[in-house]
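Please read the structure below before turning to the comments.
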Amino acid sequence: MKNDAISAIPGPLFDVPFEGSARAADLIARIQEFLFGELAALARTQGIDHEHGADRQLLQQVWKRSHALGFYGMTLPAAMGGLELPVLDQVLIKEAIYASGSPFAPHVLGELSGPPRVGALVRHATPHQLAQFIAPVAQADKAICFALTEAEAGSDAGALQTRALRDGEDFVLDGRKRFISGAPFADYAVLMASTARDPAQREITAFFVDLKSPGVRVESGYKTMAGQSHTGDIVLEACRVPAANQIGEQGRGLALALGRITVNRLLHCPAMLGLAQLALRDARDYARQRRQFGRAIGEFQAIQHQLADMATELSAARALMLGTARQIDAGSDARAQAAMAKLFCSEAAFRVADRAVQIHGGEGIVQGRRVEFLFRMLRMYRVLTGTSEIQRNTIAQELLRA
């Protein structure tokens, strides 16, 4: 893919002091060495880029290597090998990973299918569940996805139609989960289903589901705007799940799913801003080299103003993200602030990508250009993990409640 070289660490867009801890700075340096060394070479030799994803076997190789280097499980509790980093350090590390431009960026920490999917559930898991489901994921031996969304249950997460009815020592599950990230290469799912006998009643319970069990299959014959097949549907037809796989109390599944929503909303922001940094860098570099009317287009004020607006919005979004991380680390609830960060970062990052395409002109709308991929990817973030409209609802509710 053009503009997709990841063989050298890019310089900073601006010379700003690092705001994280010394441990975070060391981790970023070591992760960048991994990204721009081993993983860049792997991407080149295997033909992996943003449009052509790796298969499960290759991804497992990346997960295992990341785990060996101490990166893969860093978000887990210390008892399971995690580092228990403050949120500020987490967002800075994740931002650096995505700003690398590596097609393996979502896999270094296992965001699609690894420890971040189960970290918040550890304190609710039984010893049996820790041993059978969580430990293999933490060790990069197995992959897991989080299955909540359905065709009729997105923003209204409680409107699930997937049913889980008790039958002796099992629950029998029927339903279909939609748009589940990481499902095509997952072994297990943390899956939400209604355990109410009355379909009109809302009683959501969480389960560990083995995706290799009879009566369950993953359908992944479609692609999102991002291009790769990282997303799939989970179809359950009379799938028997042992009652021992129930996570926490019956009817408390939605509370478990939303228990870390503030932190999770914030932790999507560094991915968006890392990608937006790529878009700004590509636009700046293209403006320096593209010549029209006898000079580089970066000499024209119209292009300069677009670059200035991109840099300003990116800096403002980043300041909001880092400020919210500090609030959470200080013990603040920060529910409204995290929603503001997710709203503003996703909208601002997309505007950066949109201007980057404009600066590239005809080259910007050609598939294969990184800036065209970034435009599609950053458009998705305005929908993923809570739409902009849902964030506005949360902000308004918190404001009116104050």
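When reading the values below, keep in mind they use all heavy atoms of this one structure, side chains included, and skip hydrogens, waters and symmetry mates.
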Any donor-acceptor pair under 3.5 Å linking the side-chain atoms of T205 with those of Q250? no
Do R295 and F300 have side-chain heavy atoms sitting under 4.5 Å apart? yes
Can you classify the ring geometry of H50 versus F373 as parallel (below 30°), tilted (30 to 60°) or perpendicular (above 60°)? parallel
Salt bridge or not for D210 and K142, using N-O below 4.0 Å? no
Q.
Closer than 4.0 angstrom, basic N to acidic O: yes or no for E33 and R30?
A. no
### Basic-acidic side-chain contact under 4.0 Å: D329, R326
no
All N/O donor-acceptor pairs, side-chain side in residues 301-312, below 3.5 Å, sequence neighbours left out:
unit_1: Q304; atom_1: NE2; unit_2: G298; atom_2: O; d: 3.1
unit_1: T312; atom_1: OG1; unit_2: A308; atom_2: O; d: 2.8

Is there a donor-acceptor pair under 3.5 Å between the side chain of R166 and the backbone N or O of G168? yes
Answer yes if the side chains of Q277 and R281 hold a donor-acceptor pair under 3.5 Å, and no otherwise.
no
Only one of E150, E237, E219 passes salt bridge (Lys or Arg N to Asp or Glu O under 4.0 Å) with R176, and that residue is E219
Rounded to the nearest 0.5 Å, the CG atom of L273 sits from the CZ atom of R318 at a distance of 8.0 Å
Taking R290 first and then E363, would you say they form a salt bridge - that is, a charged N and a carboxylate O separated by under 4.0 Å?
no
Point to revise | Test item: E169 side-chain N/O and P242 main-chain N/O as donor-acceptor pair under 3.5 Å | key: no
Side-chain donor-acceptor distances from residues 124-138 under 3.5 Å, at least two apart:
unit_1: T126; atom_1: OG1; unit_2: Q129; atom_2: N; d: 3.1
unit_1: H128; atom_1: NE2; unit_2: Q132; atom_2: OE1; d: 3.1
unit_1: Q129; atom_1: OE1; unit_2: T126; atom_2: N; d: 3.1
unit_1: Q129; atom_1: NE2; unit_2: A244; atom_2: O; d: 2.8
unit_1: Q129; atom_1: NE2; unit_2: Q246; atom_2: O; d: 2.7

Interatomic distance, CG@L92 vs OG@S21, rounded to 0.5 Å, equals 8.5 Å
N-O pairing of R217 and D233 below 4.0 Å:
no
Does A41 offer a backbone N or O that forms a donor-acceptor pair with the side chain of T45 under 3.5 Å? yes
Could you check whether the rings of F185 and H230 sit parallel, tilted or perpendicular, using 30° and 60° as the cut-offs? perpendicular
dist F171:CZ -> F207:CZ (nearest 0.5 Å) comes out at 4.5 Å
- Working for salt bridge (Lys or Arg N to Asp or Glu O under 4.0 Å), residues D282 and R370: CA-CA 8 Å; D282 285 352; R370 182 164 67 187; 2.8 Å; yes
